[in-house]
Amino acid sequence: MKERILVVCEKPTAARRIAHALDDDGAPEAYDEGGVPLFIAGRGDFELVVVSALGHLFSIAQDGGKWTYPVYKYSWVPAHDADKRQARTKRFIQAIERASKGATGYVSACDLDMEGSLIAYMVLLNVCGEGSLNEAKRMRYSTLTERDLIRAWEGMSPTLDYPLIEAGRTRHEVDWLFGINLTRALSLSLKNASGIFKTLSIGRVQGPTLNFVKEREVEVKTHVPTPFWVIKAETTIEGRRIPLDYTEARIGKKSDARKVVRACQGKDGVISTVSTRRVEQPPPPPFSLGDLQREAFSKFRYTPRTTLNSAERLYLSTHISYPRTSSQKIPPTIDVRGILEGLRRRKEYTRLAASLLKESKLRPMQGAKDDPAHPAIHPTGTIPGMITGVDARVYDLICRRFMASLSGPALRENVSAKVTVDAEGSNYAFFLRGTKLVEDGWIKFYEPYVKEKGSELPKLSKGQKVPFAKLRSLERYTKPPARFNPGSLLRLMEDEGLGTKATRTDIVDTLFKRGYVKGSTTEITDLGFTIIENLERYVPDILSVEMTRSLEEDMGRIQRGEFSRANAITKTVEVLESTLSGFKAHEVRIGSEISGAITREEERSSYLGRCPGCGDGHLRIIVNKKTGKRFAGCSNYFAGKCTTSYPLPQRGRITTTEISCSECGAPIIKATLRGMSPWELCINIDCPSKRGGSTDE
DNA sequence: GCAAGGTC
C-alpha cells in the first residue's frame with residue numbers, strides 16, 4: 001500500500017494543474033463528486049489525493065443569535081452555516097472529508113498569501129482534525145506551471161506558515177468585529193428612532209471609500225469658479241487653418257490678455273525655431289482586470305460590474321483566460337503562437353494575427369504588476385461562435401490588446417515651431433504643434449481604441465512668415481474637479497490599497513445598494529452624507545485609510561512574531577467598547593438624523609415637477625401600497641383640490657429630470673430598462689409630441 | 001438582516 005497524502009488546493013483549476021504536474025505520468029485519475037473535483041496522482045511511493053476548496057470554506061459567525069451590539073463572541077464555522085448564499089461550499093467540505101480518510105500526510109497547496117495559508121489551515125483543522133496540522137507541510141509556488149509546481153513539491157516547507165495564518169485570522173476577525181458592530185449600531189439607531197429597518201452597513205473598506213465620494217462632492221459644491229483668459233489664434237498655411245498656442249495656456253489678468261491681442265493684432269509672426277523630436281511609444285501591456293475595466297469604461301461606458309460579468313462569461317466559455325487577475329504579464333509558458341493560430345481563424349483578426357506569426361520572436365510587452373496565481377487576461381485562441389453586444393466588444397478589446405502587446409513600438413515625429421511676434425518693444429511667442437505617425441507598430445492592432453493624437457503640420461522653415469488669421473482673448477472659468485466615475489473610484493481604491501482585485505467592485509456595488517451613492521457619476525446621497533457626518537462624530541477611524549494601514553502594520557508585526565492575534569483582538573475590542581458606548585448614548589439623535597435624510601432622499605427622487613393641472617401642486621411618483629403599481633399624482637390631491645395623474649412605465653428604473661415637456665408642460669422622466677440605454681420621455685401619453693410619429697409601444 | 005476576503 002502506498003502512503004496517502006492529502007493535497008489541499010484553493011480552487012478547482014489549481015487542483016487540476018497541481019495533480020497533472022505532480023503525477024508521474026502527467027495523467028492523474030480525475031473524479032467529479034457532485035460538482036467537486038478530486039484527483040488521484042501517483043508520485044513515486046506516494047498516492048496524492050488532490051482536493052480543492054472554493055476559496056474560504058470556513059468563516060466567522062456570532063456565538064448566539066441576537067441581532068444586537070456590542071457583540072464580541074464569535075467562532076469559525078463552515079461557511080454554509082454562516083451564510084445561506086455559501087451553500088455550494090458544503091459539498092466541498094464533505095468531499096474533502098471523504099477524500100482525507102486514510103491519509104497520513106497533508107500538504108497545504110493554496111495560494112502563497114495570507115488568505116491562501118488560512119484557507120488550507122481551516123480545512124485541515126476543521127475537516128481533517130487537529131492532529132493533521134502536525135503532519136502538514138506547505139508547498140510554495142508562484143505560477144501554476146509544471147516546472148514551478150514540481151520545484152515547490154521538492155522544496156516543500158516542513159510546517160505550515162503559522163505567522164501568516166495568524167495574520168490572516170486577525171484580518172478576518174478585526175474586520176468582522178468592526179463591520180458587524182458598527183453596521184448594527186447604525187441600523188439599530190435608525191430602527192429605534194423611527195421604526196424603519198434598513199441595513200446601514202459600514203466597514204474598514206466601505207468607510208473610506210464612501211468618504212472619498214463625500215469629500216469629492218464637497219469639493220464640487222464648494223468650488224468657486226475663478227476667471228482666466230486664453231488666447232485663441234489661428235493661421236492659414238497652404239490653405240489649411242492651423243491653431244496657434246500662446247506660450248501661456250492660462251492668463252490670470254484680463255489686461256494682460258488684451259495686451260497680447262492688441263500688440264499682435266494685424267501683425268505677422270515669424271518662425272524662429274522648428275524642432276522635430278522622434279518619440280517611441282512602447283506597446284501597452286496586456287490587461288489586468290482593473291486595466292480592462294477602466295478601458296471598457298472609457299471606450300464603451302461599461303461599468304466595472306458589466307465588464308467583469310462579461311469577462312466571466314467569456315472565461316467560462318473558454319475564450320479568455322481567468323479574468324480576476326492583477327497581472328500585466330504573459331509568462332513564457334503561455335503558447336502565444338498557438339493562440340495567434342487560433343485568432344487567425346477569425347476573419348477580423350486574420351491579417352493581424354498572420355503578420356505577428358511571421359515574426360521569429362514573439363515577446364509580449366510586460367507591465368509592472370504581477371499576480372502570483374494568474375497571468376494577464378488574454379484570449380485562449382478558441383474561437384467563439386455567435387457573440388454579440390457586450391461580450392463581443394469586451395472580447396475584441398482583449399484580443400486586440402493582446403496582439404498589440406506582442407508587436408513593436410510606434411514611432412511618432414512631433415514637430416513644434418516657435419512663432420514670435422515683435423511688437424511694442426516686447427516679444428510674444430506662439431507655437432504650432434503637429435505630429436506624424438512614422439511607424440504604426442502596435443497601433444494598427446489596437447487601432448479602434450487608440451485616442452486620436454493630433455494632426456500633421458505642413459512643411460515649415462525658419463524665417464517663414466505666419467500671418468494671424470484670427471486672434472482674440474476669451475474669458476474662461478476654472479471648473480470643479482470631476483465626480484468619480486465607476487472606474488476612477490476603483491482606481492483610487494487600488495492606489496490607496498483599499499480592498500482587493502476581487503472585492504473592490506463588490507464594495508462599490510454595496511455602497512450603491514445601500515443607497516449611500518447614486519447615479520453614473522457616483523454622487524453621494526443625503527443618506528450617505530448623513531452616515532458620514534455621524535461616523536465623523538463618533539467613529540472617525542472607520543472613515544480613514546489609516547485604519548487599513550495600521551491593520552497592515554499589525555499583520556506585519558504578527559508575521560515577524562512581534563505581536564499576536566490576541567493583542568490585536570484586545571486592542572480592537574477596547575476601541576469598540578468606548579466608541580460603541582458613545583454611539584449608544586446618542587442613538588436617538590443619530591437615528592433621527594438618518595431617518596430625516598432617508599425621507600429627504602425619497603422626496604427628492606420622487607419629485608417630478610410642478611403640476612400642469614392645478615399649477616401650484618407638485619407631481620410626485622406614488623407607489624400604490626396594495627398593487628405595487630406606480631403613477632404620477634399631484635400633492636394637492638389630499639386637499640381635494642386636484643386630481644391630475646399620469647400613468648408611468650411599470651418596469652425599469654425611473655429617474656426624475658426636473659425638466660418639463662416643451663409641448664405640453666408635463667414632466668420629462670428618464671426611464672432605464674435592464675440592458676438598454678436610458679431614454680427620456682414626457683409622461684403625458686396624449687402629448688402632441690407623440691402624435692404623427694411612429695409609435696413605440 | 002451585518003464586514004471583507006476567497007471563488008464561480
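Letters A, B, ... mirror the listed sequences (proteins, then strands); counts begin at 1.
Residue A:Q86 is in base contact, counting any heavy-atom pair closer than 4.0 Å across all strands shown. Heavy atoms of A:I507 sit under 4.0 angstrom from primed sugar atoms or phosphate atoms, though from no base atom. Within the 4.0 angstrom heavy-atom criterion, base atoms lie near A:I60.
Residues A:H80 and A:T89 bring no donor and acceptor atom of their side chains to less than 3.5 Å of each other. A donor atom on one side chain and an acceptor atom on the other are found under 3.5 Å apart for A:S201 and A:Q206.
Residue A:Q206 places at least one side-chain N or O under 4.0 Å from the OP1 or OP2 atom of B:dA4. The phosphate of B:dG6 has OP1 or OP2 within less than 4.0 Å of a side-chain N or O from A:T500. OP1 or OP2 of B:dG5 lies within a sub-4.0 Å distance of a side-chain N or O belonging to A:R204. At least one side-chain nitrogen or oxygen of A:T503 sits closer than 4.0 Å to the OP1 or OP2 atom of B:dG5. Close to B:dC2, at under 4.0 Å from its OP1 or OP2, lies no side-chain N or O of A:S201. Distances shown here put every side-chain N or O of A:R85 at or beyond 4.0 Å from the OP1 or OP2 atom of B:dG6.
Rounded to a whole Å, the NE2 atom of A:H56 is 10 Å from the P atom of B:dG5. Taking atom NZ of A:K90 as the reference point, atom C1' of B:dC8 lies 20 Å away to the nearest angstrom.
A:E523 has no carboxylate O lying under 4.0 Å from a charged side-chain N of A:K518, or vice versa, which leaves the two without a salt bridge.
A cation-pi contact, defined as under 6.0 Å to the ring centre and within 45° of the axis, is absent between A:R16 and A:F39.
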